[in-house]
Amino acid sequence: MNGAEYSFSEIERKWQSRWDEMGLFNADDSDRREKRYVLCMYPYPSGVLHMGHVINYTIGDVVARYSLLHGFKVLAPMGWDSFGLPAENAAIRTGVHPHRFTEDNIHRMAQQMRRAGWGYDWRREVATSHPDYYRWTQWLFLRFLERDLAFRKSAPVNWCPSCRTVLANEQVKDGGCERCGTAVEQRDMEQWFFRMSAYAQRLLDNHARLEGSWPEPVLKLQKEWIGRSEGARVHFMVAETGDHVPVFTTRPDTLWGVTFMSIAPQHPLVEKLVRGTEHEERVMAAVREMRAASTSEKDIAEREKVGVFTGFHVVNPVNGEQVQLWVANFALMTYGTGAVMAVPAHDQRDFEFARKYGLEIRPVIQSDDGMLDAAAMTEAYVEPGKMVGSGPFDGRRNLDAMADIIGWLADNGLGAAEVNYKLRDWLISRQRYWGAPIPVVYCEACGIVPVPDEDLPVVLPTDVEFSHGAGNPLETSQSFLSTSCPRCGGRARRETDTMDTFVDSSWYFLRYCDPHDEKHVFSSEAAHRWMPVDQYIGGIEHATMHLIYARFFTMVLHDLGLVDFDEPFKRLFCQGMVCKTAYYCPTHKYIPESDVAGGEREGEAIMGGRCKRCGADVTSEMTKISKSKLNIVDPDAMMDRFGADTVRLYMLSDAPPDRMQIWSENGINGAWRTINRLWSLAVEGLEKVAPLGEEPPAVLDEGNREIRRRTHQAIGRVGDAIEGGLQFNTAIARCNELLGLLRARFGEVHPAVLRETLETILKVLSPITPHLCEELWERLGHSASIFTCGWPEADPEVAAEEEIEIPVQVNGKVRARLHVSPDISRAELEQAALNDERVQRYVAGKQVVKVIVVPGRLVNVALKG
RNA sequence: GCCUGGAUAGCUCAAUUGGUUAGAGCACCGAGCCGAGACCUCGGAUGUCGCAGGUUCAAUUCCUGCUCCAGACACCA
């Protein structure tokens with residue numbers, strides 16, 4: 001059977017415009033059916049679709065179409081995270097204004113998206129860089145400000161002296177600016193923050209409601225990020241001056257083992273203490289060096305512990321002892337109180353520090369295996385044990401005593417129970433042009449004054465200069481900078497900081513519900529109608545950024561009375577990375593596969609090849625598709641060659657979608673063949689198929705009964721595969737099996753059975769390969785779109801097996817097979833097995849000890865001897 | 001270092017609550033088609049279910065230990 005090749009380009013275009021015309025993906029507010037909100041994380045409009053988008057948005061489209069087939073009204077919107085650095089960098093490089101650069105990219109990417117067959121309600125498209133969007137971002141900022149959830153404070157930040165802007169931690173590479181390479185400095189600057197730390201406990205508590213619906217690793221990452229820890233605040237005091245130095249500790253049981261104290265280089269007390277003393281020069285020099293070091297997480301982790309003795313001492317409140325006060329680079333001003341009691345015997349950090357600087361190590365928790373000897377210890381002892389040298393608590397088990405110790409501290413006015421979180425307040429200030437301006441002005445008389453709601457949006461000015469190293473372009477706009485105070489009318493200066501783009505993306509899913517509202521950020525009715533998102537789909541890299549910010553925003557909006565829920569995303573799915581073999585030559589670094597000569601193909605990789613340019617041995621690795629590894633695959637080129645349906649099918653057919661996907665030439669070819677096999681079988685079937693509406697007859701031969709049986713089984717199994725965790729690969733495998741059976745039985749298939757089977761395959765496959773299935777559906781005589789015709793119903797009677805084979809084991813070895821009805825009783829099955837002559841041959845003359853009967857499965861006869 | 005996944009055919013993955021002969025796609029081999037090749041169609045072979053113990057009539061599946069791989073976190077007191 002060799003039909004004409006499937007000509008995807010016309011057919012895909014045809015159906016894309018057909019779906020547009022019929023408004024298949026238009027989400028209707030007045031629709032009374034039950035809703036499904038299917039959302040994919042919107043992209044930054046880079047102008048080029050990459051494979052990560054392809055898998056993400058294909059999964060979303062399949063879920064949306066599957067929901068349509070199940071009769072839901074579906075909201076599947078798309079938009080643009082269109083503020084951000086790349087547009088501004090392009091402006092500096094090429095002189096093209098960020099607005100134009102962004103609009104061009106949006107246009108180009110939207111074209112690519114349509115072409116992939118992803119269905120969206122484009123009437124609801126939003127772009128965060130449009131004034132009618134960022135107006136409401138600013139409006140929300142003002143609500144945060146009113147509630148004291150937005151505030152200014154001084155904070156240490158990464159500062160690039162060449163670009164004259166702050167950088168996010170992820171924009172710092174190896175201690176330098178990712179753009180110009182200049183060494184990044186740490187500076188204290190006044191910045192805007194959102195008070196996210198106030199929501200730490202709630203963010204944590206709500207996890208209980210997300211369990212089971214969110215990937216477990218995401219919840220775990222968030223939990224670690226929030227980092228709740230329980231302990232006590234303990235009041236230390238500087239011996240020489242009487243200054244109070246509270247500390248936070250999770251180990252009050254080790255208070256009697258404190259031998260020194262570490263304090264953060266940024267701690268204000270340091271300067272206060274040493275000023276004008278003999279220690280000032282020495283201490284402040286060391287402090288300046290510590291402060292100048294990079295604040296990037298990675299650098300901090302790898303940095304050696306260093307410190308300097310301040311010359312001062314603190315009094316340990318539990319025993320009145322005086323211990324040395326040290327400035328240490330690992331003490332963080334942003335956690336706890338900025339000061340740490342040091343217990344080298346029972347904390348690894350303190351242990352290393354004490355060994356380096358020759359400070360005392362004093363064990364106060366004894367292991368059950370014997371006494372700890374401070375001089376012989378090679379690492380801190382952190383296991384539980386018995387308290388010693390600990391005043392009133394001597395002899396107690398440390399873990400059991402913990403609560404009593406905290407109670408004792410409180411009773412004696414030495415401290416109190418305290419809970420701390422790692423989660424910080426969210427720094428939202430950026431000294432950048434291409435972001436939503438923070439809507440406040442600085443008045444010479446009134447100070448910080450919010451821009452009134454009716455004056456929003458604060459629009460980005462156009463009279464700005466973009467040049468490298470000039471800092472924030474907004475500061476070059478006189479029209480923007482100088483304004484009048486809304487309160488007193490006097491001279492005022494506008495805030496030139498813009499908001500982190502994560503602010504924009506913390507509420508975009510709400511704007512989709514009511515995208516054109518000019519009076520409100522969104523109407524409560526619209527939010528109530530569509531929210532929360534039923535299925536959210538995106539990369540796991542957003543686990544602790546976007547997904548925490550969006551949850552925080554939703555909670556605040558709930559508290560403001562704008563929405564009646566406080567979790568935005570009911571179910572979350574994180575797709576896997578798309579990977580491909582990359583090749584590495586010692587002289588030329590990463591090289592494209594086309595530059596690998598010789599070698600042998602082993603699986604996906606060419607092993608033992610040489611570099612075409614220099615002849616050196618080439619190594620290979622399987623890694624995420626990226627420009628820098630020269631292993632990219634261009635989705636557009638693939639769609640040119642194979643069409644959207646083939647690319648979609650391939651992306652979903654190989655591995656479960658939350659795992660790594662491997663891109664290979666063979667794989668995409670295989671998907672293309674599958675598409676063509678289905679096409680040619682269906683086209684051939686058109687000549688034979690029963691007329692529209694004809695049901696299979698009641699009486700059929702065994703061959704046709706089996707086809708029907710497998711068809712009706714496939715409906716359930718495909719549905720289960722998709723509902724039970726978006727296992728598209730197994731759904732596709734079920735379809736392949738059915739297709740294989742139909743092909744093998746094509747000669748004797750009854751025309752009505754053929755119609756039923758073909759239509760079923762098309763239906764269940766249509767979310768994955770929509771164009772192909774629509775076309776064949778139409779050719780089978782249907783006038784309505786396949787997506788409006790409902791999911792097929794499986795008839796349990798047709799799907800039921802008529803006869804099953806039961807193996808009979810004698811002492812664990814299969815000796816016979818019985819063909820029986822699936823609903824045979826246990827006793828009947830046992831009798832049938834024992835009566836079987838082949839079984840009797842083995843049983844003859846021996847004693848039957850036990851007969852294990854598993855209905856529907858097997859019979860095992862255990863013999864003695 | 002810690003946590004979470006994973007280890008099944010040459011490759012990527014499946015396999016109801018433990019139960020028959022462990023299945024798909026790709027790759028491979030053979031045949032058909034063809035002037036030949038490619039495409040296509042049909043057919044075929046292939047498994048110490050990571051290792052070692054344990055529980056059981058029965059373990060790829062459950063339990064324990066170990067090995068290897070991947071990813072995330074990593075001075076938070």
Side-chain angles (χ1 to χ4, degrees), chain A residues 1-3 5 215-218 220-221 223-225 227-229 231 247-251 254 261-262 264 297-298 300-305 328-332 334-343 347-350 352-353 420-424 540-541 543-544 576-577 579 601-605 622 650 653-656 658-662 664-674 676-677 680 717 720-721 727 729-730 732-737 740 743-744 804-814 816-818 849-854 856-863:
Chain A
M1 107 189 46
N2 212 340
E5 192 172 78
E216 194 256 338
V218 174
K220 216 177 135 282
L221 284 171
K223 200 177 160 199
E224 281 172 8
W225 190 260
R228 179 189 159 100
S229 53
V247 301
F248 172 72
T249 178
T250 55
R251 294 293 306 275
T254 61
M261 179 182 286
S262 309
E297 306 277 334
K298 191 172 169 249
I300 290 171
E302 289 168 0
R303 186 155 62 214
E304 200 191 344
K305 292 168 188 37
N329 66 340
F330 62 84
L332 306 172
T334 46
Y335 185 79
T337 65
V340 197
M341 65 182 221
V343 187
D347 180 283
Q348 187 58 28
R349 263 176 332 214
D350 297 341
E352 288 168 28
F353 196 85
N420 259 293
Y421 301 89
K422 283 192 339 194
L423 189 75
R424 309 279 152 85
I540 196 166
E541 64 274 18
T544 52
M577 294 186 299
C579 296
R601 187 164 276 281
E602 278 181 36
E604 290 312 322
M622 180 60 69
Y650 176 48
S653 63
D654 264 21
D658 52 344
R659 291 252 205 112
M660 174 177 87
Q661 309 292 316
I662 290 179
S664 79
E665 190 69 15
N666 284 332
I668 184 82
N669 276 320
W672 171 236
R673 266 202 295 278
T674 303
N676 275 287
R677 269 202 290 262
S680 56
R717 298 175 76 182
D720 290 349
Q727 303 272 315
N729 58 325
T730 65
I732 292 165
R734 297 287 89 79
C735 291
N736 270 328
E737 281 170 24
R743 198 165 48 216
I804 53 174
E805 191 183 70
I806 300 281
V808 182
Q809 299 176 335
V810 178
N811 281 343
K813 289 199 171 109
V814 179
R817 288 165 209 292
L818 304 175
V849 180
K850 198 171 173 186
V851 181
I852 295 113
V853 182
V854 185
R857 283 296 188 187
L858 61 47
V859 178
N860 188 7
V861 182
L863 300 178

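All of these numbers come straight from a predicted model, not from anything done at the bench. Side chains included, hydrogens not; waters and symmetry mates left out as well; all remaining heavy atoms used.
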Pairwise P distance for C49(B) and C42(B), with rounding to whole Å:
32 Å
Students often get this wrong, so: under 4.0 angstrom with heavy atoms, is Ala342(A) touching a base, only sugar-phosphate, or nothing?
nothing
Between G18(B) and C63(B), how far apart are the P atoms? Round to whole Å, please.
11 Å
Considering every strand and a 4.0 Å limit on heavy-atom distances, what is the contact class for Thr334(A): base, sugar-phosphate, or nothing?
nothing
Can you tell me how far OG1 of Thr674(A) sits from CD1 of Ile732(A), rounded to the nearest 0.5 angstrom?
9.0 Å
Consider the side chain of Pro656(A), meaning its heavy atoms from C-beta on, and name the nucleotide among G25(B), A14(B), U4(B) that approaches it most closely.
A14(B)
Reported CE-to-CG distance for the pair Met577(A) and Asp658(A), which is rounded to 0.5 angstrom
12.5 Å
Can you pull every protein N or O that's under 3.5 Å from an N or O on nucleotides 54-60 of chain B?
residue	atom	partner	partner atom	Å
C57(B)	O2	Asn860(A)	ND2	2.5

Check every atom of C13(B), A24(B), C75(B) against the side chain of Lys305(A) and return the nucleotide holding the closest atom.
C75(B)
Sequence neighbours left out, what passes ring pair (Phe, Tyr, Trp, His ring centres under 6.0 Å) with Phe353(A)? Give chain and number order.
Phe260(A), Trp326(A), Phe330(A), Tyr357(A)
What nucleotide, of A14(B), U12(B), C76(B), holds the atom closest to the side chain of Ile662(A)?
U12(B)
On a whole-Å scale, what distance lies between the P atoms belonging to G47(B) and A24(B)?
15 Å
What's the closest nucleotide to the side chain of Arg743(A) if the choices are C42(B), C3(B), G19(B)?
C42(B)
Kindly say whether, by distance alone, the side chain of Arg424(A) makes a donor-acceptor pair under 3.5 Å with the base of C76(B)?
yes
Atom-to-atom span, CG of Asp658(A) to C1' of G6(B) - whole angstrom
12 Å
If I pick the C1' atom on G32(B) and the same atom on A38(B), what distance separates them, to the nearest angstrom?
15 Å
Which nucleotide in the list C13(B), G25(B), C40(B) gets nearest to the side chain of Arg673(A)?
C40(B)
First encountered from the 5' end of RNA chain B, between Pro807(A) and Arg659(A):
Arg659(A)
Just call it for Gly336(A): base, sugar-phosphate, or nothing, with non-hydrogen atoms closer than 4.0 Å on any strand.
nothing
Separation of the P atoms in U16(B) and U55(B), to the nearest angstrom
26 Å
Starting at atom CG of Asn669(A), determine the distance to atom P of C26(B), rounded to an integer number of angstrom.
10 Å
Arg677(A) CZ to Arg673(A) CZ distance, which is reported to the nearest 0.5 Å:
6.5 Å
Measure from CD on Glu541(A) to P on A72(B) and round the result to the nearest Å.
10 Å
Between C3(B) and U61(B), how many Å separate the two P atoms, rounded to a whole number?
23 Å
Here's a test of your reading of the structure: between Ser653(A) and Gly667(A), which maps to the more 5' nucleotide of RNA chain B?
Ser653(A)
Are side-chain heavy atoms of Arg251(A) and Asp347(A) found at a separation under 4.5 Å?
no
Let's see if you can work this out: which of A74(B), A24(B), C76(B) has an atom nearest to the side-chain heavy atoms of Trp225(A)?
A74(B)
Looking at every strand, decide which applies to Arg228(A) at a 4.0 Å heavy-atom threshold: base, sugar-phosphate, or nothing.
nothing
Mind checking the C1' distance from C26(B) to U46(B)? Whole angstroms is fine.
14 Å
At under 4.0 Å between heavy atoms, what does Thr250(A) touch on the DNA or RNA strands: base, sugar-phosphate, or nothing?
sugar-phosphate
If the C1' atom of A15(B) is compared with that of U8(B), how far apart are they to the nearest Å?
10 Å
Dot-bracket for RNA chain B, please. Rules: Watson-Crick or G-U, both distances under 3.5 Å, ( ) within the strand, [ ] when a pair crosses earlier ones, | for another strand, . otherwise.
(.(((((..((((.....[...)))).(((((.......))))).....(((((..]....)))))))))).)....
Rounded to the Å, how far apart are Arg677(A) CZ and C40(B) P?
8 Å
Output the rounded distance in Å from CG (Leu221(A)) to C1' (G5(B)).
12 Å
